[in-house]
Each structure stands twice: as C-alpha cells, then as structure tokens.
Amino acid sequence: QVQLVESGGGSVQHGGSLRLSCVVSGDTGPNTCMAWFRQAPGKEREGVATFYTDDKSTHYIDSVKGRFTISQDNTKNTLFLQMNSLKPEDTSMYYCAAGRAYLESWCYPGANVFRHWGQGTQVTVSS
C-alpha cells in the first residue's frame, strides 16, 4: 500500500519561497512517475511538475518554469517541490501523486497515470 504525506505549505508574501515535501511509504516499484499537482478554489486540478524515478527526468508547466524545482532525495522516500519567486496566482492546495509510467514520455504534468494521492498542503501567497 503506497501512502503519500505532504508537508511544508504555508503563507508567504509575493516573491517568497517555500519547499514542499512528500514522504512516500510503501514500494512504488520501478517506472514510477511522481508529480506535484495543485487545485485552487473553483478551478480544475492541474499538474505542476513531474519526476520520472528511472532517469530523474523532469517536466514543468510553463507558468512555473524557472521558479519551481522538483526533486527526490537519494533514499527515494521523499519528493520535494522547491518554489521560489512565488506569485499570488500560485495560491492553491498542492498534492503529491505517484503512478506507473513504463516510458519516460508517459510522465508529464498532464498525464493520466497517477493512482496514488496525498491529502494536500495549502500554499497561500499574498500580494
């Protein structure tokens, strides 16, 4: 049973930084696509960034490129999202997700491979 638990959310001012963490328990196996999603009130959930565990390749949506960095620690137990230069439009509930992707090309923010989800952590950016 795979479980994902996020932490690190909070309230910051425009231009500030936060680092989100997602502790992974259970064996996700090889060919795993890890991701961070977000959902603001009244909006659809959107994938923000992905990390493919086999080759550590990453993908980002355009609105966060150059500001956010997704990474995994060497034990593969924790997924991070470093968020810099935060903007009010980044305000959302952020979720960690994991799923099987047999090819790296299947692992991207809009993919439909994610079967395991965390409970989320709130990020609020004030102007």
Side-chain angles (χ1 to χ4, degrees):
Q1 181 78 8
V2 175
Q3 290 188 323
L4 309 174
V5 179
E6 304 95 335
S7 63
S11 297
V12 296
Q13 291 192 330
H14 188 173
S17 298
L18 284 172
R19 187 170 87 152
L20 306 184
S21 299
C22 171
V23 175
V24 182
S25 60
D27 185 9
T28 58
N31 311 119
T32 297
C33 181
M34 301 292 300
W36 286 96
F37 282 75
R38 66 186 181 187
Q39 187 169 20
K43 294 187 177 181
E44 292 190 359
R45 183 176 61 194
E46 67 171 348
V48 173
T50 57
F51 182 96
Y52 191 54
T53 59
D54 281 22
D55 63 5
K56 301 183 180 180
S57 60
T58 59
H59 295 282
Y60 301 89
I61 55 173
D62 287 345
S63 60
V64 306
K65 283 181 181 176
R67 301 189 298 122
F68 289 11
T69 303
I70 188 171
S71 62
Q72 186 180 52
D73 72 342
N74 290 333
T75 68
K76 299 184 179 181
N77 289 338
T78 307
L79 183 75
F80 300 102
L81 185 68
Q82 177 67 44
M83 305 186 295
N84 298 327
S85 302
L86 282 162
K87 304 175 181 180
E89 51 263 44
D90 295 318
T91 295
S92 283
M93 185 71 80
Y94 283 72
Y95 299 91
C96 177
R100 185 62 49 83
Y102 293 102
L103 299 175
E104 187 277 335
S105 60
W106 293 8
C107 184
Y108 58 94
N112 187 26
V113 300
F114 302 100
R115 297 295 177 260
H116 306 288
W117 295 85
Q119 294 300 305
T121 185
Q122 177 68 36
V123 172
T124 302
V125 185
S126 58
S127 57

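Residue indices begin at 1 and follow the sequence shown.
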Distance (rounded to the nearest 0.5 Å) between S25 OG and Q3 CD: 4.5 Å
Please tell me if the side chains of R19 and F80 come closer than 4.5 Å, counting only heavy atoms from C-beta onward. yes
Find out if a path of hydrophobic residues (ILVMFWY) with successive side-chain heavy-atom gaps under 4.5 Å connects L86 to M93. no
Which pair of heavy atoms, one from I61 and one from P109, lies closest together, and at what distance? CG2-CB, 3.8 Å
Not counting sequence neighbours, which residues clear side-chain hydrogen bond (donor to acceptor under 3.5 Å, both in side chains) with N112? List them please. none
Less than 3.5 Å apart, any donor N or O on the side chain of E104 or H59 sitting next to an acceptor on the other? yes
Distance, nearest 0.5 Å, that separates OG of S127 from CD of Q13: 9.0 Å
About how many Å separate CG of N84 and CG of L18, when rounded to the nearest 0.5 Å? 9.5 Å
If every non-hydrogen atom of T28 is compared with every non-hydrogen atom of R100, which pair is closest and at what distance? O-NH2, 2.9 Å
Closest heavy-atom pair, V12 versus S17, reported as atoms and distance to 0.1 Å, is CG1-O, 3.9 Å
Do V24 and Q72 touch side chain to side chain, with heavy atoms closer than 4.5 Å? no
Check: F68 ring centroid to W36 ring centroid under 6.0 Å: no
Does a side-chain heavy-atom distance below 4.5 Å link E46 with R38? yes
Could you go step by step and tell me if D62 and K65 meet the salt bridge (charged side-chain N to carboxylate O under 4.0 Å, His left out) rule? CA-CA 5 Å; D62 287 345; K65 283 181 181 176; 3.1 Å; yes
Quick check: do F51 and T32 have side-chain heavy atoms less than 4.5 Å from each other? no
Within a reach of under 6.0 Å around CD of Q82, are more than 12 heavy atoms found that belong to other residues, nucleotides or ligands? yes
Using the rule that two of Ile, Leu, Val, Met, Phe, Trp, Tyr join whenever any of their side-chain heavy atoms come within less than 4.5 Å, decide whether Y95 and M83 are in one cluster. no
Shortest non-hydrogen separation from A49 to Y60 and the atoms involved: CB-CD2, 3.5 Å
Option among L20, V123, V64 that satisfies the side-chain contact (heavy atoms from CB on, under 4.5 Å) test with L81: L20
Which heavy atom of L4 sits nearest to which heavy atom of V2, and what is that distance? CD2-CG1, 4.1 Å
Look up atom CE in M34 and atom OH in Y52, then write down how far apart they are to the nearest 0.5 Å. 13.5 Å
Quick check for you: to the nearest 0.5 Å, what is the distance between T58 atom OG1 and I70 atom CD1? 7.5 Å
Polar side-chain atom of E6 near backbone of Q119 as donor-acceptor pair, under 3.5 Å: yes
To check you understand the geometry: which heavy-atom pair defines the closest contact between T50 and C107, and what is its length? OG1-O, 3.5 Å
Is any side-chain heavy atom of E89 closer than 4.5 Å to a side-chain heavy atom of V125? no
